[in-house]
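Below, read A as the first sequence line, B as the second, and so on, with proteins coming before strands; counting in each chain starts at 1.
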Amino acid sequence: MALLQISEPGQSTAPHQHKLAVGIDLGTTNSLVASLKSGLAQTIADENGDHLLPSVVQFLGKTDDGYHTHIGFEAQNNAISDPLNTISSAKRYMGRGLDDIKKHSLYKFVTDENSVVPRIQTIAGNVSAIEVSAEILKKLKQRAEEALGDELTGAVITVPAYFDDAQRQATKDAAKLANLKVLRLINEPTAAAVAYGLDTGSEGNHVIYDLGGGTFDISILKLTKGVFEVLSTAGDSALGGDDLDHVITDWMLAEANIIDPNASLLRTVLDAARQAKETLSQQDMTELSIDLGEGKLWQGELSLEKFEQLIKPLIRKTLIPCRRALRDANLEIEDIQDIVMVGGSTRVPLVRQMVGEFFDTEPLVDIDPDKVVAIGAARQADVLVGNKSDEDMLLLDVTPLSLGLETMGGLAEKVIHRNTTIPVARAQEFTTFKDGQTAMAIHVVQGERELISDCRSLARFELRGIPPMVAGAARIRVTFQIDADGLLSVSAREETSGVESKIQVKPSYGLSDGEIESMLKESFSHAQDDIDARKLREEQVEAKRVVEALLAALEEDGKTLLSAKEQSIIYQEISELSQFAEGSDRRAIKLKIEHVDKATSDFAQRRMDASINLALAGKKVDDIGSDS
Amino acid sequence: MAITLTDAAAEHVTQFIENRGKGEALRLGVKTNGCSGMGYVLEFADSIEEDDQVFDDKGVKIIVDPKSLLYIDGTELDYGREGLNEGFKFNNPNVKDACGCGESFNV
């Protein structure tokens with residue numbers, strides 16, 4: 001006999017037509033899956049009653065259609081004996097290039113000629129972080145389908161707010177590999193807000209402080225009548241509970257006088273450090289012992305005081321993005337109603353204390369900080385598959401950095417500004433620079449700086465087949481569109497002819513938070529330089545435009561309207577202006593342009609007269625009158 | 001005859017209604033669909049219609065429309081677990097045969 005759940009009024013489904021949706025928190029350290037049953041959002045436990053699935057995959061070999069693996073606790077237990085084939089924290093490597101992956105990585109990464117995606121060498125072959133994540137998703141999917149009694153319609157998967165395009169795309173790819181339909185990717189803090197916002201119904205500005213295993217995210221959300229708007233986000237994707245474990249590990253290694261630990265010893269110490277962190281959330285002191293092999297044993301103890309002294313700098317580091325998020329949201333500390341604590345590391349009392357002191361508010365910890373994101377995602381998934389009749393939730397997220405394109409002179413023209421709520425579509429019109437120009441290169445960039453060279457290049461494509469026209473006559477409409485998952489597509493269309501070209505931006509790999517942060521910092525500290533540089537470039541572009549226009553005019557009418565001497569004077573002016581345009585004296589270029597303008601005004605006047613004569617030739621005065 | 005609840009079902013219904021924060025009754029009924037003729041309706045109820053039959057059992061208000069009652073009168077609603085799956089079961093004395101999955105039935 002099938003088991004039924006209670007539906008919303010009028011939403012009972014026909015037998016075998018259930019719309020089963022889950023929320024998945026694909027975490028760095030642990031992953032969870034949650035769903036709504038009879039209106040109650042709960043995480044789903046495995047057959048042993050465990051809700052958390054350690055995000056650890058041990059590769060054992062290849063099968064016909066995939067890998068033979070152990071996933072979760074089993075893999076975690078084998079990590080010590082088989083460290084190189086047992087992959088943990090794969091999320092840190094999602095959408096990243098080889099250069100981004102350095103610190104504390106136990107694995108051997110390689111790239112091959114077919115792909116820039118770094119792969120980890122294992123006994124089952126080279127596997128990418130995407131494949132590791134797919135194995136975790138498969139396991140969660142299987143668990144959910146057993147618990148819900150039918151196939152899943154789809155899932156909402158959460159990602160850190162700071163995940164860039166490449167990292168989001170990698171997450172979607174992992175879901176595709178796991179044969180899981182992604183209803184939507186939503187930001188982890190937004191999911192936490194969904195979990196809390198609906199449960200408490202409180203309105204106002206809320207801070208979501210998410211110190212997960214591998215990432216730190218701070219988001220400021222505004223809740224009004226069930227609508228969540230993300231006012232700002234900031235964070236550090238290379239800081240998390242793992243780093244707390246690492247400082248304890250480093251301390252233990254130093255105390256135990258272990259200089260060059262092998263992978264399996266490092267893993268042992270790391271596990272002991274993690275255990276110590278959990279114990280010290282409840283107690284004032286913990287005993288430590290490490291089996292050094294060959295019958296040797298190191299024993300020591302770690303006091304709460306020492307532990308807090310070790311981790312304090314890391315927690316303080318989380319307060320910097322907190323400050324920036326407040327500034328971005330244009331809020332003061334007293335504007336914040338609540339702080340929602342997310343992530344296992346927020347169980348550490350010092351974290352709660354320091355965050356509470358910073359925001360001058362007692363943090364909220366009602367919902368298990370490990371489960372809150374999955375629960376929020378499950379609620380959102382339930383809405384998206386259509387199991388809710390009313391109270392539709394609108395989720396608004398924001399872009400972490402501005403998106404724009406390159407214009408003449410290497411300038412970045414922003415089309416979608418930082419912290420714009422998504423989904424969003426923005427269009428801007430551009431035009432051709434040269435007469436008869438039939439193609440235009442579109443270079444899509446991300447960043448806050450004025451010059452292209454200081455921004456990050458995301459994609460390039462060309463719009464071809466523009467009908468030949470004089471410079472400035474073509475109307476090229478470039479549309480930037482970011483979908484609800486935060487993925488960008490850019491299209492360009494020449495309005496008069498309708499020729500079109502577009503691209504789905506899929507950069508080879510992403511920016512780290514460190515990069516995003518430093519890009520932001522640079523944009524603030526270089527604001528004046530940037531403006532000066534922009535003005536110079538604009539002047540240079542203007543100079544070149546004048547040169548182009550004059551050369552075209554001389555080509556066309558020079559011989560008929562000007563004497564040889566007059567022509568040579570203008571050529572002289574053009575060559576001087578070209579030289580000035582190469583220089584970096586903005587004022588000089590401007591003055592020279594004005595000078596050239598004057599020097600050629602007579603020529604311009606003659607051209608004008610000539611073309612009017614041409615236009616008027618053969619027309620009667622009456623015709624002209626009726627035309628105007 | 002009447003509609004009744006097992007203790008487990010009553011406990012869960014009470015919890016789910018409390019979690020939902022509104023609606024006081026549970027609606028049971030049937031819909032004509034499914035591979036074996038009819039499917040069950042199990043919903044939260046925000047309003048009671050004029051024709052609805054109201055039953056009270058173990059502190060839970062159960063409502064059934066008169067047409068559905070013909071097919072499910074005497075039903076005991078149970079709550080159980082099969083493997084990882086948990087949910088409600090209709091122990092309906094009127095059922096002659098059900099499809100393999102038990103989600104739809106015939107009287």
Side-chain angles (χ1 to χ4, degrees), chain A residues 1-18 20 22 33-51 53 139-152 195 198-201 226 367 375 378-379 382 387-391, chain B residues 8-9 11-23 25-49 60 62-63 68 75 77-92 95 98-105:
Chain A
M1 169 96 203
L3 298 169
L4 303 171
Q5 307 300 331
I6 309 171
S7 306
E8 283 294 301
Q11 302 290 310
S12 277
T13 50
H16 314 298
Q17 303 287 308
H18 308 290
L20 298 176
V22 294
V33 57
S35 77
L36 252 70
K37 281 192 148 191
S38 298
L40 183 64
Q42 284 175 315
T43 51
I44 301 171
D46 66 7
E47 58 279 5
N48 300 321
D50 289 312
H51 291 256
L53 177 73
K139 187 81 172 175
L140 293 172
K141 178 180 185 244
Q142 185 194 347
R143 182 195 290 186
E145 289 185 341
E146 274 173 41
L148 300 174
D150 215 333
E151 271 187 38
L152 295 184
L198 290 188
D199 289 353
T200 62
I367 304 179
I375 284 173
R379 286 185 184 283
D382 195 57
N387 285 332
K388 275 254 156 66
S389 48
D390 44 17
E391 58 184 315
Chain B
E11 195 184 306
H12 281 93
V13 171
T14 307
Q15 186 199 350
F16 290 140
I17 289 177
E18 196 179 311
N19 170 68
R20 186 168 174 262
K22 63 173 182 180
L26 182 69
R27 176 177 295 280
L28 267 62
V30 295
K31 279 205 284 200
T32 49
N33 52 24
C35 45
S36 195
M38 247 170 270
Y40 290 111
V41 167
L42 185 64
E43 292 175 355
F44 294 109
D46 292 325
S47 58
I48 299 174
E49 303 300 318
V60 177
I62 305 160
I63 55 174
S68 289
T75 291
L77 189 70
D78 192 12
Y79 190 87
R81 161 184 273 276
E82 288 170 5
L84 288 181
N85 194 1
E86 278 180 48
F88 294 94
K89 273 188 235 188
F90 281 69
N91 294 327
N92 182 357
V95 172
C99 78
C101 64
E103 273 194 63
S104 59
F105 64 97

- Query: Quick one: what part of B:R20 sits under 4.5 Å from any heavy atom of chain A, side chain, backbone, both or neither?
  - Reply: side chain
- Under 4.5 Å from any heavy atom of chain B - which part of A:L40: both
- Task: Name the region of A:A45, side chain, backbone, both or neither, that has any atom closer than 4.5 Å to a heavy atom of chain B.
- Result: backbone
- Query: Do you know which of A:K37, A:E47, A:R143 has the most heavy-atom pairs under 4.5 Å to chain B?
  - Reply: A:K37
- Of the backbone (N, CA, C, O) and the side chain (C-beta and beyond), which part of B:L26 lies under 4.5 Å from a heavy atom of chain A, both, or neither? side chain
- Message: Donor-acceptor pair, distance only, cut-off 3.5 Å: does the side chain of B:E86 make one with the backbone of A:A147?
- Response: no
- Do you know which two heavy atoms are closest between B:F16 and A:I6, and how far apart they sit? CD1-CD1, 4.0 Å
- Message: With heavy-atom distances below 4.5 Å as the criterion, would you say the side chains of B:K89 and A:L3 are in contact?
- Response: yes
- Note on the structure: dist A:S38:OG -> B:L42:CG (nearest 0.5 Å) comes out at 6.5 Å
- Flag if over 12 foreign heavy atoms under 6.0 Å of CD, B:Q15: yes
- Of all heavy-atom pairs between B:D46 and A:P9, which one has the smallest distance, and what is that distance? OD2-CG, 3.7 Å
- Message: Give me the atom names and distance for the closest heavy-atom approach of B:F88 to A:Q5.
- Response: CD1-CA, 4.4 Å
